[in-house]
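Right, one structure below, let's go through it.
Residue numbers start from 1 in every chain, and the chains themselves are labelled A, B, ... in the order their sequence lines are given, proteins ahead of strands.
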Amino acid sequence: MSTDAKKYKDTLNLPSTAFAMKANLTQREPQIQARWEEMGLYARIREARTGAPRRVLHDGPPYANGDIHMGHLLNKVLKDIVVRSLTMRGFDSPYIPGWDCHGLPIEHKVVKDLGRKAAGMSFAEIRDLCRAEAMKWVAIQRDQFKRLGVSGHWEDPYLTLDPRYEAGIMDVLAELVERGYVFRQLKPIHWDIHDRTALAEAELEYAEHTSPSIYVNFPITSGVPSRWGDGPWHAMIWTTTPWTLPANVAIAAHPNLEYAGLRYIDPESGSETRTIIAAPLVDRVMGLRKVAEFEILGTCSGKELEGGSYRHVFIDRPGKFVLADYVTVEDGTGLVHTAPGHGAEDYRTGLAYGLPVISPVDASGRFQDSDGVPADLVGLQVFEANPKIIDRLRSDGSLYHHFNFRHSYPHGWRSKKPVIFRATAQWFIGVDRNDLREKTLEAIRTQVRWLPSWGQARIEAMVGQRPDWCISRQRAWGVPIPVLFDERNDYHHLTAESVRFFRDLFAKEGADAWFNRPIADLVPPDLDTEAHPVEFLRKGTDILDVWFESGSSHRSVVREPGYDAGPYPAFLYLEGSDQHRGWFQSSILTAVGTTGRAPFETVLTHGFVVDDKGQKQSKSLGNAVGAVEATETYGADVLRLMVASLDYANDVSLTERAIKEASEAYRKIRNTFRYLLGNLEDYARFDPESVDPGTLHPIDRWALYRLNGVIRDTTAAFESFEFYRAFQRLYQFCSVDLSSFYLDVLKDRLYAEHPTGPDRRAAQFVMARLHSALARLFAPIMPHTSEEVWDLIPDSPAKAPSVHLAPWPEPDPAFDDPHPGGLDWDFIQEAREVVFRDLEKLRAAKVIGSNQEALIEVGSPNPELQAKLSDLRRHMESTFIVSDVVVSPDRPEGATDLPGREVWFLARRSPHPKCERCWNLRPSVGEDREHPTLCCRCSAVVRSLNEAAG
RNA sequence: GGGCGCAUAGCUCAGUUGGUCAGAGCGCACCCCUGAUAAGGGUGAGGUCCCAGGUUCGAAUCCUGGUGCGCCCA
């Protein structure tokens with residue numbers, strides 16, 4: 001570079017900004033967050049929106065256990081984008097995060113850590129440890145969520161263990177009791193007979209266990225097809241739990257299976273038996289005893305058997321034939337021994353057929369003297385009873401076959417002993433009482449907008465089929481069902497009034513009061529202590545299902561004034577699609593049951609986090625991406641950009657690769673901002689309003705026209721929660737319209753024109769608008785970067801102290817003209833593509849390097865077009881970024897036609913000398929004797945600058 | 001096994017009521033610039049629109065069946 005060139009370079013207005021190219025988000029974001037905290041940003045936003053129309057997203061509480069994962073990240077970022085965009089668009093949109101703090105996983109963890117000590121501890125002591133465990137994770141997760149830039153009322157989130165919250169749960173329970181939805185009924189649950197305790201699914205461990213396998217003939221009393229001939233007929237069932245036979249009340253067949261009426265001769269006794277088994281199993285079952293002589297006397301479908309009856313094998317009790325879908329021909333006989341007191345499927349079948357739930361087994365697994373249990377079994381533990389029962393069956397001739405086998409069987413996680421299914425009294429919400437199901441379905445159909453729309457069909461099907469809701473759990477860590485019972489009889493006291501008594505108590509002391517206070521303090525006013533003296537009263541030991549707790553948040557949080565989360569019903573719930581069975585359903589059931597309407601106006605769901613192959617992420621598969629680690633490595637804004645770029649209605653792959661792609665996009669967007677800021681550095685020194693819109697070039701107006709479109713489309717995308725559309729629109733605008741076109745075209749004006757001249761100022765006017773609008777449009781997605789970018793624009797009275805306090809950008813109707821300057825921009829864009837292809841050929845042939853070394857000839861055989869081309873000449877020159885465009889009368893050899901336009905172009909090297917300052921090849925270079933290496937534009941600028949300096 | 005979904009270039013997404021609908025951006029390859037420089041610009045190569053039937057003059061787009069994947073349930 002010559003000395004002169006260096007000197008001239010100093011007269012250019014090259015970009016300069018403090019906005020670093022390298023984002024360094026992992027360090028910068030915490031600094032920005034600290035500043036928000038310092039300035040009390042959340043409170044200031046709340047204040048600024050006081051009185052504005054409210055739209056409240058009610059947070060679904062994550063479980064307070066473990067570090068956050070990608071699923072949490074997806075959910076919370078989507079929520080934050082919603083809340084931030086609503087806020088900026090002028091709505092009063094508070095966000096009160098919550099946590100689900102009770103429940104088995106925490107209790108399980110605590111008890112496991114305690115080991116053998118747990119047995120000697122009181123409920124109250126265990127509960128204290130559970131609380132500490134929950135609060136520990138609340139604090140950790142809160143910090144992890146905040147690190148993602150999620151804006152909300154983090155100082156006072158709602159916690160399901162908070163007395164305020166627990167009181168709300170009691171309100172819901174009281175109203176459901178008052179309306180007659182709550183009742184008590186037997187239901188089989190997993191039971192550890194060693195520890196004498198109920199177990200949840202998660203507390204089971206599967207281990208090898210030896211069970212008897214027996215085939216038993218039950219005598220049929222009616223229902224055998226008459227075409228099969230005379231009996232006596234039997235039905236052969238198979239079971240691996242002989243001890244459940246005393247509770248047998250039905251035999252289940254599959255409606256579509258074929259059943260055979262079979263006559264066989266017992267190979268040992270030689271006696272003849274007629275019995276029914278599934279036709280496909282005849283050979284296999286007969287083979288068990290190597291029965292040589294048997295014949296099928298007839299067949300029928302399972303459906304035909306329904307309604308038939310039989311006598312219990314050793315108890316004087318009738319049973320009936322029922323149908324069930326789960327019957328298979330995998331094992332057994334195709335006829336399933338059904339004891340609703342001792343099996344989950346049996347219980348369901350029992351509900352469908354109104355069968356009695358019999359469970360003559362006490363807490364230690366011993367037979368009681370009830371339900372016709374034979375005297376020799378009473379007092380025996382069920383596993384000890386098995387051989388006795390088998391002996392009895394063998395001796396009365398009803399046992400067809402018996403052998404022992406080993407298989408996987410559930411054991412208690414603490415006792416390591418085999419568990420049983422045992423019916424115990426549980427509390428339920430009757431879905432069909434008082435038309436709750438119908439009312440809920442009606443609310444689903446008429447009061448809620450489901451996004452995506454298939455969510456409605458999904459929850460409708462679930463609510464339409466769901467059984468009564470069992471709300472009791474036999475655990476310590478939760479909110480008690482405050483029932484008092486008289487130990488002398490079956491009296492249970494649970495009334496609306498009593499529950500409200502405990503509501504008041506819990507509001508003051510928390511649900512711990514139930515466990516800590518003596519029973520004398522817990523007698524509700526409506527309990528008749530004459531009939532049930534305090535000394536005979538006992539506290540119920542059940543707690544509520546945690547889904548009942550979180551499902552009460554519409555009462556505890558949305559309707560309670562203390563949380564700033566109203567009004568009821570909420571504007572929006574936003575969770576993963578699994579919540580159609582979970583929180584959406586528990587919420588709408590309790591809400592309809594208590595208020596008669598849905599607790600939400602809109603339910604928006606997102607899919608699940610999967611890997612690049614579309615398979616779910618899990619630790620065991622080894623394809624899970626850590627959310628905390630990813631945030632520490634890439635920064636929150638990159639991850640947020642990734643989330644925003646995906647159509648979350650489907651499953652989303654949040655993977656290392658996806659993060660890398662988001663990083664690329666982030667870099668492009670960041671550099672676009674950097675370029676805008678670099679050229680606005682001196683913009684502060686004058687009033688933007690002093691720019692006369694009349695000085696804008698047509699292409700400037702075109703850019704603002706495009707910006708209007710971006711603002712409109714982006715706003716619509718946020719409105720409809722389609723953030724990926726906002727992302728695509730913004731990203732492509734930055735990349736295509738701005739970086740590769742408008743900003744590239746602007747360079748000559750920005751760098752070479754007089755710094756305060758009208759041409760440069762016009763460009764800066766547009767760039768300032770682009771910057772201001774884009775910073776705000778990106779703010780819900782990339783809150784940190786938007787803030788950083790906003791911050792670097794010099795202060796002015798109109799500038800909000802944070803981009804998050806700024807109003808949402810509006811399109812400027814002054815720039816709605818798609819053809820500014822009366823120019824055909826479609827034509828210019830098409831021409832640009834054709835010309836660029838030609839220039840590429842020159843470049844490949846080493847004729848030119850940059851576009852500025854080229855000259856474009858253009859012409860048309862059409863005189864009208866030829867005249868138009870002359871008008872467009874200067875605009876083509878700038879948009880093509882070439883030094884010259886000349887309109888020629890004759891089409892030279894080698895020209896390229898613009899398809900369908902009657903216009904041709906020819907690119908060649910410009911014959912003119914290069915201006916040392918602006919690098920254009922211009923005929924005027926050399927005309928100015930003082931600056932012989934400059935074009936006339938540049939010499940004029942330099943002269944003016946020198947005069948100002950001198 | 002059942003209910004509800006999803007399936008267009010390597011990736012993220014467009015493709016209104018079936019007829020220039022096979023697109024965009026990114027990525028990739030190659031090239032240029034070196035005055036957005038761990039940046040910027042250009043050109044180009046990529047798709048049996050999951051598969052198989054069917055309806056139709058014509059289907060990525062409608063119907064049926066299947067495959068894969070996800071959520072929920074069993």
Item to check | Separation of the C1' atoms in B:rU17 and B:rA59, to the nearest angstrom | outcome: 14 Å

Item to check | Residue A:Tyr724, side-chain heavy atoms: nucleotide from B:rG25, B:rG5, B:rC13 that is nearest | outcome: B:rC13

Item to check | Whole-Å C1' distance, B:rG54 and B:rC69 | outcome: 26 Å

Next on the checklist: What's A:Gln728 touching, base or sugar-phosphate or nothing? Going by heavy atoms closer than 4.0 Å.
Outcome noted: base

Checklist entry - With a 3.5 Å cut-off and no angle check, do the side chains of A:Arg760 and A:Asn679 form a donor-acceptor pair? => result no

Checklist outcome for this item: With B for base contact, S for sugar-phosphate-only contact and - for none (protein heavy atoms under 4.0 Å), nucleotides 68-74 of chain B reads -SSBSSS

Checklist outcome for this item: Applying the 3.5 Å cut-off to both distances, the Watson-Crick or G-U partner of B:rU56 turns out to be none

Item to check | B:rG35 OP1/OP2 closer than 4.0 Å to side-chain N/O of A:Tyr8 | outcome: no

Next on the checklist: Tell me whether the side-chain N or O atoms of A:Lys22 pair up with the base of B:rA38 as donor and acceptor below 3.5 Å, since no angle test is needed here.
Outcome noted: no

Checklist entry - Can you tell me how far C1' in B:rA60 sits from the matching atom in B:rC49, rounded to whole Å? => result 4 Å

Checklist entry - Just how far, in rounded Å, is P of B:rC26 from OH of A:Tyr666? => result 19 Å

Checklist entry - Toward the 5' end of RNA chain B, which comes first, A:Ala649 or A:Glu853, by nearest nucleotide? => result A:Ala649

Checklist entry - Quick one: A:Leu74 CG to B:rU12 P, roughly how many Å, whole number? => result 14 Å

Checklist entry - Contact class for A:Ser653 vs. all strands (heavy atom < 4.0 Å): base, sugar-phosphate, or nothing? => result sugar-phosphate

Item to check | A:Arg670 with A:Glu788: basic N within carboxylate O range, under 4.0 Å | outcome: yes

Checklist outcome for this item: Taking a pair to mean Watson-Crick or G-U wobble geometry with both distances below 3.5 Å, B:rU67 pairs with B:rA7

Item to check | B:rC4 versus B:rG18 - spacing of their P atoms, nearest Å | outcome: 24 Å

Next on the checklist: Taking A:Arg937 first and then A:Asp759, would you say they form a salt bridge - that is, a charged N and a carboxylate O separated by under 4.0 Å?
Outcome noted: no

Next on the checklist: Just to be sure I understand the geometry, which residues of residues 837-850 of chain A put a non-hydrogen atom under 4.0 Å away from RNA chain B?
Outcome noted: A:Arg837, A:Glu840, A:Arg843, A:Lys846, A:Gly849, A:Ser850

Next on the checklist: Under 4.0 Å between a side-chain nitrogen and a carboxylate oxygen: does that hold for A:Arg657 and A:Glu661?
Outcome noted: yes

Checklist entry - Ignoring hydrogens and angles, does a donor from either the side chain of A:Thr672 or the base of B:rA36 sit under 3.5 Å from an acceptor on the other? => result no

Checklist entry - Can you tell me how far P in B:rC26 sits from the matching atom in B:rG41, rounded to whole Å? => result 9 Å

Checklist entry - Among B:rG40, B:rG25, B:rU12, which is the nearest nucleotide to the side chain of A:Ser735? => result B:rG25

Checklist entry - Counting only Watson-Crick or G-U wobble pairs whose two distances fall under 3.5 Å, which nucleotide matches B:rA24? => result B:rU12

Next on the checklist: Nearest whole Å is fine: how far is B:rG10 C1' from A:Glu661 CD?
Outcome noted: 8 Å

Checklist entry - Over how many whole Å does the gap from A:Trp454 atom CH2 to B:rG3 atom P extend? => result 16 Å

Next on the checklist: Under 3.5 Å for both donor-acceptor distances, Watson-Crick or wobble: does B:rU43 have a partner, and if so which one?
Outcome noted: B:rA29

Item to check | Side chain proximity check, A:Lys79 to A:Glu575, heavy atoms < 4.5 angstrom | outcome: yes

Checklist entry - When the distance from CG of A:Asn679 to P of B:rG35 is rounded to whole Å, what number comes out? => result 15 Å

Checklist entry - How about A:Tyr326 and A:Thr349: does a side-chain donor come under 3.5 Å of a side-chain acceptor? => result yes

Checklist entry - Under 30°, 30 to 60°, or over 60°: which ring-plane class applies to A:Trp450 and A:Phe584, parallel, tilted or perpendicular? => result perpendicular

Checklist entry - Rounded to the nearest Å, what distance is computed from the CG atom of residue A:Asp647 to the P atom of nucleotide B:rC6? => result 11 Å

Checklist entry - Does the pair A:Asp10/A:Lys7 count as a salt bridge with the N-to-O cut at 4.0 Å? => result no

Checklist entry - Looking at A:Glu840 and A:Arg837, does any basic side-chain N land under 4.0 Å from a carboxylate oxygen? => result no

Next on the checklist: What contact category does A:Arg917 fall into here, base, sugar-phosphate, or nothing, at under 4.0 angstrom with non-hydrogen atoms?
Outcome noted: base

Item to check | Intermediate values then yes/no, ring-ring contact (aromatic ring centres under 6.0 Å, His included), A:Tyr742 and A:Trp702 | outcome: CA-CA 9 Å; A:Tyr742 181 64; A:Trp702 175 87; 7.1 Å; no

Next on the checklist: Strictly below 4.0 Å: does A:Lys747 bring a side-chain N or O up to OP1 or OP2 of B:rG40?
Outcome noted: no

Checklist entry - Can you tell me how far P of B:rA14 sits from CG of A:Leu646, to the nearest Å? => result 11 Å

Checklist entry - Side-chain N or O of A:Arg674 less than 4.0 angstrom from OP1 or OP2 on B:rU37? => result yes

Checklist entry - Which value, in whole Å, describes the distance between the P atoms of nucleotides B:rA14 and B:rA7? => result 9 Å

Item to check | Separation of B:rC13 C1' from A:Met642 CE (nearest whole Å) | outcome: 16 Å

Item to check | Aromatic plane relationship, A:Tyr8 with A:His931 - under 30° parallel, 30 to 60° tilted, over 60° perpendicular | outcome: perpendicular

Item to check | Pairwise C1' distance, B:rA9 and B:rG25 [rounded to whole Å] | outcome: 12 Å

Checklist outcome for this item: Which of B:rA39, B:rG35, B:rC6 is nearest the side chain of A:Leu14? It is B:rG35

Next on the checklist: Say we look at B:rC50 and B:rG40: how far apart would their C1' atoms be, to the nearest angstrom?
Outcome noted: 40 Å

Item to check | Among A:Asn920, A:Leu839, A:Asp748, A:Asp744, side chain to side chain contact (heavy atoms under 4.5 Å, CB included) partner for A:Ile881 | outcome: A:Asp744

Checklist outcome for this item: When both distances are under 3.5 Å in a Watson-Crick or G-U wobble arrangement, the nucleotide paired with B:rG1 is B:rC73

Checklist entry - For A:Ser739 and B:rG41, is the shortest distance between a side-chain N/O and OP1 or OP2 below 4.0 Å? => result yes

